[in-house]
Amino acid sequence: MFTIRFEVEKNVRKYLRSIIKGGVDYELRTCNTILQEAEAILLQQGISSNLFYHIQEPDIPVSFRSSVMLGEGRPMNILLLVNQTLNTVFTDKPEEEKRYLIQLLEQAFLEEEVEPCQKNNNNENPQPKNITPIPTSELQEESPISTRVEKEEPKQTKQLNSRPERRRIRLPTPRFSSFFAISRKHWLIVAGVFLLFCSVFLYFSLPSETAKTETVKQKPSLTQVLKEENLPELLRYYPEEWENVRMDYINDAKIRGLQEMNQLKTSEPLKVDIAYFEKNYDQVVNLYEAKKEGAYTNIDYAFVGFSYLTKGNVKQAEVLNLYADDPDLKAYIADYKLTQSIVTETKQVLKRKDITKELRTELETKLKEAEKHLQDYHEGKVEVKTDGKKETL
């Protein structure tokens with residue numbers, strides 16, 4: 001059985017002592033709840049801190065160590081965190097090993113979800129092959145320090161001969177020594193070069209400073225950019241807000257906004273979002289299958305999971321909901337499975353010859369309704385009641 005052990009940094013232990021005990025191995029199915037509670041506590045306190053975790057299964061054996069930063073408002077889902085870490089940190093590891101680890105964790109979560117409902121069923125599970133433990137990677141950044149030594153050259157002085165040579169022939173011009181005559185020419189040349197240099201410097205420096213000042217003055221405020229939905233300026237001046245705007249467009253179902261974002265900066269999640277809102281579920285699945293290592297978020301996994309459900313792939317939809325942890329997708333999956341069981345059971349009863357004509361007619365009507373409901377799923381036209389409210393994709 002997979003277990004997970006957490007290690008809390010000293011500065012936040014007093015805040016997380018009630019939910020995380022040191023040296024305790026927790027069941028895998030409880031880790032998401034623990035992560036979400038810890039994130040909420042540190043977010044409320046306004047503190048960011050690293051939480052180290054160690055996932056292990058001694059019988060296989062599997063060992064995976066990593067950490068996550070709490071207190072920054074990120075979604076806390078262990079499968080999502082492990083998947084992102086494998087694709088960003090352990091880039092040198094073989095894809096087969098990483099995919100095998102993910103499959104083991106997905107299977108463990110699915111078995112733990114089914115286990116409470118099937119305590120009496122003891123199915124024999126094949127023993128998976130050994131996997132090479134994936135070590136944690138420690139990244140160290142070194143900033144080179146460069147030193148610059150400046151040597152001071154001694155100033156050379158010239159002793160001037162204050163006694164000019166006597167001249168036998170007097171000239172009508174003023175008497176200057178040869179040194180002063182050369183010095184005057186020299187300083188005239190130096191002054192000319194200096195003035196030329198200053199002119200060039202001013203020519204190039206003043207316009208750039210002016211342009212810089214104008215750029216600073218013309219930089220729009222974030223409020224103005226968001227109000228005007230000026231995506232080019234958002235990408236230029238506030239790239240850190242790009243993902244937040246994408247989430248806003250998803251929540252408001254603004255397909256045009258998502259399309260404009262994809263034109264400015266294309267990405268796999270944006271392509272998935274656009275295809276989903278256009279109800280092109282086959283394309284959503286194809287995009288995900290082509291690049292499963294994309295930087296997907298919870299809502300993206302929910303879109304892909306529902307798209308698999310429209311193709312009748314319940315198992316893959318359940319796996320993706322492990323990443324999405326979406327209550328609506330969970331309700332759709334449960335409704336689809338219930339409808340499938342109604343169709344199967346009704347067909348079995350209709351095979352009997354001892355049922356009355358009235359009952360047969362009633363069962364046939366029920367079967368048609370159930371099959372129509374499944375067909376609505378395949379076309380993406382479904383409604384499921386959640387907490388008394390209808391949720392429609």
Side-chain angles (χ1 to χ4, degrees), residues 73-77 80 222-235 238-292 294-314 316-336 339 372-393:
R74 297 178 181 176
M76 290 294 118
N77 183 296
L80 193 61
L222 178 60
T223 305
Q224 179 183 352
V225 171
L226 294 177
K227 183 179 180 180
E228 297 176 355
E229 297 187 13
N230 194 329
L231 295 178
E233 290 193 351
L234 178 74
L235 187 60
Y238 305 100
E240 68 279 1
E241 296 293 330
W242 188 257
E243 188 64 17
N244 294 332
V245 173
R246 183 175 80 93
M247 289 295 108
D248 291 339
Y249 283 162
I250 289 175
N251 293 330
D252 297 337
K254 288 188 176 181
I255 304 177
R256 184 172 297 179
L258 293 171
Q259 290 172 339
E260 186 178 350
M261 292 184 75
N262 192 49
Q263 291 175 355
L264 293 171
K265 185 180 179 182
T266 186
S267 67
E268 296 303 318
L270 276 170
K271 293 178 183 178
V272 167
D273 300 336
I274 294 169
Y276 176 80
F277 283 114
E278 291 176 348
K279 298 188 182 298
N280 193 343
Y281 303 116
D282 290 338
Q283 186 179 357
V284 173
V285 173
N286 293 334
L287 287 169
Y288 177 73
E289 289 288 343
K291 192 172 183 181
K292 293 183 178 181
Y296 301 109
T297 59
N298 300 56
I299 190 65
D300 301 318
Y301 281 112
F303 290 166
V304 179
F306 180 81
S307 299
Y308 272 105
L309 197 61
T310 62
K311 298 173 70 69
N313 195 336
V314 180
Q316 189 63 22
E318 289 178 327
V319 169
L320 288 164
N321 197 40
L322 296 176
Y323 296 90
D325 195 20
D326 187 83
D328 292 339
L329 180 57
K330 185 177 181 180
Y332 286 120
I333 293 172
D335 181 68
Y336 190 94
T339 308
K372 177 63 169 61
H373 191 54
L374 289 179
Q375 185 61 31
D376 288 341
Y377 267 103
H378 299 159
E379 296 176 2
K381 304 173 183 177
V382 288
E383 288 186 352
V384 176
K385 291 184 178 179
T386 305
D387 299 329
K389 298 180 180 179
K390 287 186 178 181
E391 298 289 342
T392 306
L393 288 181

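In this text the structure is predicted, and so the values were computed from the model without any measurement. Numbers here simply count residues along the sequence, with the first being 1.
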**Q** Of all heavy-atom pairs between Tyr281 and Ser307, which one has the smallest distance, and what is that distance?
**A**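 Closest approach of Tyr281 to Ser307: CD2-OG, 3.5 Å.
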**Q** Does the side chain of Glu318 come within less than 4.5 Å of Val314's, by heavy atoms?
**A**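 With C-beta onward as the side chain, the pair touches.
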**Q** State, yes or no, whether a side-chain contact exists between Tyr249 and Leu231 at a heavy-atom distance under 4.5 Å.
**A**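 Sidechains of Leu231 and Tyr249: in contact.
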**Q** For Lys265, is the NZ atom crowded, meaning more than 12 foreign heavy atoms sit under 6.0 Å from it?
**A**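 Check fails, neighbour count at 12 or below.
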**Q** Working to the nearest 0.5 Å, report the span between CG of Asn262 and CD of Glu268.
**A**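 It comes to 9.0 Å.
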**Q** I want to check something: taking the side chain as every heavy atom from C-beta on, are Glu243 and Arg246 in contact at a cut-off of under 4.5 Å?
**A**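 Counting from C-beta outward, Glu243 and Arg246 do come under 4.5 Å.
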**Q** Check the angle between the aromatic planes of Tyr377 and Phe306 and answer parallel, tilted or perpendicular using the 30° and 60° thresholds.
**A**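 Tilted, since the angle between the ring planes falls between 30° and 60°.
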**Q** Taking Asp273 for the side chain and Asp300 for the main chain, is one N or O donor matched with an acceptor at less than 3.5 Å?
**A**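 Such a contact is absent between Asp273 side chain and Asp300 backbone.
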**Q** For a quick test of reading the model, state the closest non-hydrogen atom pair linking Ala295 to Pro269 and the distance between them.
**A**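 Smallest interatomic distance, heavy atoms only, reads O-CG, 3.4 Å.
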**Q** Compare all side-chain heavy atoms of Val245 with those of Tyr238 and state whether any distance is below 4.5 angstrom.
**A**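 A side-chain contact under 4.5 Å is absent here.
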**Q** For Met247, does its backbone N or O pair with a side-chain atom of Asn251 as donor and acceptor, under 3.5 Å?
**A**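 Yes, Asn251 side chain to Met247 backbone: donor-acceptor pair under 3.5 Å.
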**Q** Any heavy-atom pair between the side chains of Leu234 and Glu229 that's under 4.5 Å?
**A**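 Glu229 vs Leu234: side chains apart.
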**Q** Under a 4.5 Å cut-off applied to non-hydrogen side-chain atoms, are Asn77 and Tyr301 in contact?
**A**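 Not in contact.
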**Q** What's the verdict on side-chain contact (heavy atoms from CB on, under 4.5 Å) for Met76 and Asp325, showing C-alpha distance, side-chain angles and the deciding distance?
**A** CA-CA 10 Å; Met76 290 294 118; Asp325 195 20; over 6 Å; no
**Q** Quick one: does Lys279's side chain get under 4.5 Å of Lys381's, heavy atoms only?
**A**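 Lys279 does not reach Lys381 side chain to side chain.
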**Q** Start with the C-alpha distance between Tyr288 and Tyr296, add both sets of side-chain angles, then the distance that settles ring pair (Phe, Tyr, Trp, His ring centres under 6.0 Å), and finish with yes or no.
**A** CA-CA 10 Å; Tyr288 177 73; Tyr296 301 109; 5.7 Å; yes
**Q** To the closest 0.5 Å, what do you measure between OG1 (Thr310) and CG (Leu374)?
**A**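 With rounding to 0.5 Å, OG1 (Thr310) is 12.5 Å from CG (Leu374).
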**Q** Step by step, would you call Asp248 with Lys254 a salt bridge (Lys or Arg N to Asp or Glu O under 4.0 Å)?
**A** CA-CA 8 Å; Asp248 291 339; Lys254 288 188 176 181; over 6 Å; no
**Q** Could you state the interatomic distance from OG1 (Thr339) to CG (Asp376), rounded to the nearest 0.5 Å?
**A**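 Result: 10.0 Å between the selected atoms.
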